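Read the structure below first, then the notes.
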Amino acid sequence: MNELEFDSAKSGEPVYGKYKKLFVYIELGKEEEYRGNPQDNQKTQYRLFRRCKVEYSKTEEESEQGIYQYDETNIDVILYW
């Protein structure tokens, strides 16, 4: 995820990214105010989305074909940049 994707992320819309070695597709749920954590990096921006749908693939090819090993709903997601 780049800065433009971070800034334009909206509830009800999808975002794509890579987390560790997984290719992730997320349908964002309702955005809520992110309340900071003492361990947060002060130079980093955070956004909190509740009740998201999360899917991931182990390879980019599987992700592009819509083949996911994991599909879960009602997941809280924190995007950061």
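All of these numbers come straight from a predicted model, not from anything done at the bench. The analysis underlying the following values was restricted to heavy atoms, covering all of them including side chains, and did not include hydrogens, waters or symmetry mates.
Here the closest non-hydrogen pair linking Phe49 and Gly29 is CD2-O, 3.4 Å. In terms of heavy atoms, Leu28 sits closest to Lys10 at CD1-O, 3.5 Å.
Linking ILVMFWY residues whenever their side-chain heavy atoms come closer than 4.5 Å, directly or via other members, leaves Phe6 and Tyr25 in distinct clusters. Clustering ILVMFWY residues whenever any of their side-chain heavy atoms sit less than 4.5 angstrom apart, transitively, puts Val15 in the very cluster that holds Tyr56. In terms of hydrophobic clustering, with Ile, Leu, Val, Met, Phe, Trp and Tyr side chains grouped at heavy-atom distances under 4.5 Å, Trp81 and Val24 are assigned to a common cluster.
Every salt bridge (charged side-chain N to carboxylate O under 4.0 Å, His left out) that Asp76 has, sequence neighbours left out, goes to Arg50.
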Pair Asn37-Tyr46, side chain to side chain contact (heavy atoms under 4.5 Å, CB included): steps then yes or no: CA-CA 10 Å; Asn37 181 320; Tyr46 299 88; over 6 Å; no
Exercise. Quick one: do Tyr70 and Ser57 satisfy side chain to side chain contact (heavy atoms under 4.5 Å, CB included)? Show the steps, please.
Key: CA-CA 7 Å; Tyr70 177 85; Ser57 298; over 6 Å; no
- [ ] Would you please test Glu32 and Lys30 for salt bridge (charged side-chain N to carboxylate O under 4.0 Å, His left out) and show each step?
- [x] CA-CA 6 Å; Glu32 294 185 6; Lys30 181 181 178 186; 5.1 Å; no
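Pairs of residues two or more places apart, or lying in two chains, never qualify as side-chain hydrogen bond (donor to acceptor under 3.5 Å, both in side chains) while including a residue from residues 11-22.
Residues Gln45 and Leu79 are not in side-chain contact: their nearest non-hydrogen atoms beyond the backbone lie 4.5 Å or more apart.
In this structure, Leu48 CG and Glu33 CD are separated by 9.5 Å, a value rounded to the nearest 0.5 Å. Rounding to the nearest 0.5 Å gives a distance of 11.5 Å between CZ of Phe23 and OH of Tyr68. The line from CD of Glu55 to CD1 of Ile26 is 10.0 Å long, rounded to the nearest 0.5 Å.
Using a 3.5 Å distance cut-off with no hydrogens or angles, the side chains of Gln69 and Glu62 do pair a donor with an acceptor. For Asp40 and Tyr34, the side-chain atoms include at least one donor-acceptor pair closer than 3.5 Å.
Glu5 places a side-chain N or O within donor-acceptor distance of the main-chain N or O of Asn2, the cut-off being under 3.5 Å.
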